[in-house]
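We count ligands from 1, going down the list as the structure has it; atoms in each ligand are counted the same way. Quick note: residue numbers are just sequence positions, from 1. As a basis for the values below, the full set of heavy atoms in this structure was taken, side chains included, without hydrogen atoms, waters or symmetry mates.
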Amino acid sequence: MSITKQDFNFVRDVVRSRSAILLDDNKGYLVEMRLSALAQKEGIDDVQTLISTVRDKGNISLRELMVEAMTTNETSFFRDRHPFDAMRDTILPELIEKRAATRSLKIWCGAASTGQEPYSLAILLRDSLPHPSLWDSKIIATDISPEVLGKAERGLYTQHEVGRGLPAAMLVKHFKRTGLEWEVKDELKAMVDYRRFNLVEPWMGLPKFDIIFMRNVLIYFDTDVKKQILTNALKYLAPDGYLFLGGSETLLGLGLDYHRVNLGPVSAYCPGA
Ligand SMILES: C[S@@+](CC[C@H](N)C(=O)[O-])C[C@H]1O[C@@H](n2cnc3c(N)ncnc32)[C@H](O)[C@@H]1O
C-alpha cells in the first residue's frame, strides 16, 4: 500500500522542521521504504500506524527516529580523494607550521555519519604531526543521528566498508582485526570526539576550528538554511582556517564573506572576501 498524500505531507513537514532536510513530492517511495524499515524495527504494524503514533499520540522519541530514518548516511573513507590529498599535501603542513608555537589544531567534521570521514582526517592528522602526543589536536565529529554516531564511536567496519577508499597500508597501520571486522585502533579513536549536533538548532558548545569539513550535507537544505549554516560556520572558523564542502556544493552566489582557494582539482574556502 502506498503512503497517502496527507501522511507524506505530515512526514515532509516534520522532517523539514526538525532537520531542514527537504523531501520533494517525488520522494514518496523513499519515505515509504525508510519508514517501513523503521516500523519493522520498532515492532509497529505498518507505516500508517507509525505516522499516526507520531501525529495523533505525540510520540516524540518516535518522531525523532522518523526524522533520523530520513537522513542519508552514505559515506566512505577518503571520499572523493582530492580534498584529502589537499589536506595532506598543503593544508596540514601549512597549519602545522603556523600553529607550531601553540601546538593546537582543531578540526570539525559537521556531518560525520558513520565515522569514515573523521577517521580519514584523524589518520592524516596523526601521520602529519611531527610529534602527535605533544599536540593538542582534536577532531570534533557531529551528526544529527545518534544511530550513526554510535557506529562511528564503536569504530568497527566490515571488509566491504574498509575496501571503499581506505588504502591497505593505512588499514594495517591504524586498524586491528576484531572477529570478522576491522576496528579503529584506540590512539585514533582518542583523537575524535563524537557529539550529536543538529546544524539547524542554535550552535552552542563548539570551540574555534582551524578546519571545517561540512561535506555532502548542505545539498539536502534550501538556500536560506545553507546560508545560515555557512554564516554560523564563519564565527567558528579561525581567520586563517579552511572550510571544505562536498563536490557538488558551492558557496558561489550566496554572497557570504568567504573567498575560494584553489587546491589543484578541489577548492576550499577561507574567511574574508
Ligand atoms: C551523506 S552523509 C555525508 C557524510 C560525510 N560528510 C561524507 O561526505 O561522506 C550526510 C550526513 O548529514 C547528516 N545530517 C542531515 N541533516 C543534518 C542536520 N540538520 N544536522 C546535522 N547533521 C545532519 C546525516 O545524518 C548524514 O549522516
Visitor: Among Phe244, Tyr242, Tyr269, find the residue that satisfies the ring-ring contact (aromatic ring centres under 6.0 Å, His included) test when tested with Phe213.
Guide: Phe244
Visitor: Would you say Ser145 and ligand 1 have an N/O pair spaced under 3.5 Å apart?
Guide: no
Visitor: With a 6.0 Å cut-off on ring centres, are Phe77 and Phe84 close enough?
Guide: no
Visitor: Could you tell me whether Ser76 and ligand 1 have an N or O pair separated by under 3.5 Å?
Guide: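 Checking ligand 1 against Ser76, no N or O pair falls under 3.5 Å apart.
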Visitor: Closest non-hydrogen protein atom to atom 8 (O) of ligand 1, residue and atom name please, with distance?
Guide: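 The closest one turns out to be Asn216 ND2, 2.8 Å.
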Visitor: Can you tell me which residue and heavy atom of the protein come closest to atom 7 (C) of ligand 1, and the distance to 0.1 Å?
Guide: Arg79 NH1, 3.3 Å
Visitor: Any chance you could lay out the side chain to side chain donor-acceptor pair (under 3.5 Å) test for Thr75 and Glu117, step after step, and finish with the verdict?
Guide: CA-CA 7 Å; Thr75 188; Glu117 187 172 73; 5.7 Å; no
Visitor: Return yes when Ala20 approaches ligand 1 closer than 4.0 angstrom through a heavy atom, no otherwise.
Guide: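 Ala20: no contact with ligand 1 (<4.0 Å).
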Visitor: Suppose I only count heavy atoms of Ser113 and a 4.0 Å limit; which atoms of ligand 1 are within that range?
Guide: 4 (C), 27 (O)
Visitor: Would you call Ile3 and Ile51 a side-chain contact if the rule is heavy atoms closer than 4.5 Å?
Guide: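 Result yes, sub-4.5 Å side-chain heavy-atom pair found.
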Visitor: With clusters defined by side-chain heavy atoms of hydrophobic residues (ILVMFWY) lying less than 4.5 Å apart, directly or transitively, does Ile229 cluster with Leu206?
Guide: yes
Visitor: Looking at atom 2 (S) of ligand 1, what's its closest protein heavy atom, distance included?
Guide: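 Sorting protein heavy atoms by distance from atom 2 (S) of ligand 1 puts Thr72 O, 3.3 Å first.
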Visitor: Following the transitive rule for hydrophobic clusters with a side-chain heavy-atom cut-off under 4.5 Å over Ile, Leu, Val, Met, Phe, Trp and Tyr, establish whether Leu121 and Ile212 coincide in one cluster.
Guide: no
Visitor: State the atoms of ligand 1, each with its element, that fall below the 4.0 Å cut-off from a heavy-atom position in Phe197.
Guide: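 The list of qualifying atoms is 20 (N), 21 (C).
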Visitor: Which of the atoms in ligand 1, numbered in the order shown and given with their element, are less than 4.0 Å from a heavy-atom of Val217?
Guide: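 Selected atoms, number and element: 12 (O), 14 (N), 15 (C), 23 (C).
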Visitor: Are Val217 and Ile139 co-members of a hydrophobic cluster defined by side-chain heavy atoms under 4.5 Å apart?
Guide: no
Visitor: Can you name the atoms of ligand 1, numbered from 1 with element, that are less than 4.0 Å from a heavy atom of Ile21?
Guide: 15 (C), 16 (N)
Visitor: With atom 14 (N) of ligand 1 as the reference point, say which of Ile144, Val225, Asn198, Ile219 has the nearest heavy atom.
Guide: Ile144
Visitor: Can you tell me if Glu68 and Ser145 form a side-chain donor-acceptor pair at under 3.5 Å?
Guide: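 Present: a donor and an acceptor within the cut-off.
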Visitor: Should you measure from each heavy atom of Thr71, which atoms of ligand 1 turn up under 4.0 Å away?
Guide: 24 (C), 25 (O)
Visitor: Quick one: nearest non-hydrogen protein atom to atom 20 (N) of ligand 1, plus distance?
Guide: Leu199 N, 2.9 Å
Visitor: Please work out which of the three classes, parallel, tilted or perpendicular, describes the rings of Trp108 and Trp203, given edges at 30° and 60°.
Guide: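 Trp203 vs Trp108 ring planes: perpendicular.
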Visitor: Can you tell me the protein heavy atom closest to atom 9 (O) of ligand 1 and the distance?
Guide: Thr75 OG1, 2.6 Å
Visitor: Which one of Ala152, Ala111, Pro118 has a non-hydrogen atom at the shortest distance from atom 4 (C) of ligand 1?
Guide: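 Going through Ala152, Ala111, Pro118 one by one, Ala111 has the nearest heavy atom to atom 4 (C) of ligand 1.
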Visitor: Examine the proximity of ligand 1 to Glu74 and report which part, side chain or backbone, both or neither, has a heavy atom under 4.0 Å away.
Guide: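 For Glu74, only backbone atoms sit under 4.0 Å from ligand 1.
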Visitor: Does a salt bridge link Arg103 with Asp136, judged by any charged N lying under 4.0 Å from a carboxylate O?
Guide: no
Visitor: Write out the residue and atom name of the closest protein heavy atom to atom 25 (O) of ligand 1, then the distance separating them to 0.1 Å.
Guide: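 Scanning the protein heavy atoms, the shortest distance from atom 25 (O) of ligand 1 goes to Asp143 OD1, 2.6 Å.
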Visitor: Between Lys151 and Glu147 (salt bridge meaning N to carboxylate O under 4.0 Å), is one present in this structure?
Guide: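 Salt bridge flag = no for Glu147 with Lys151.
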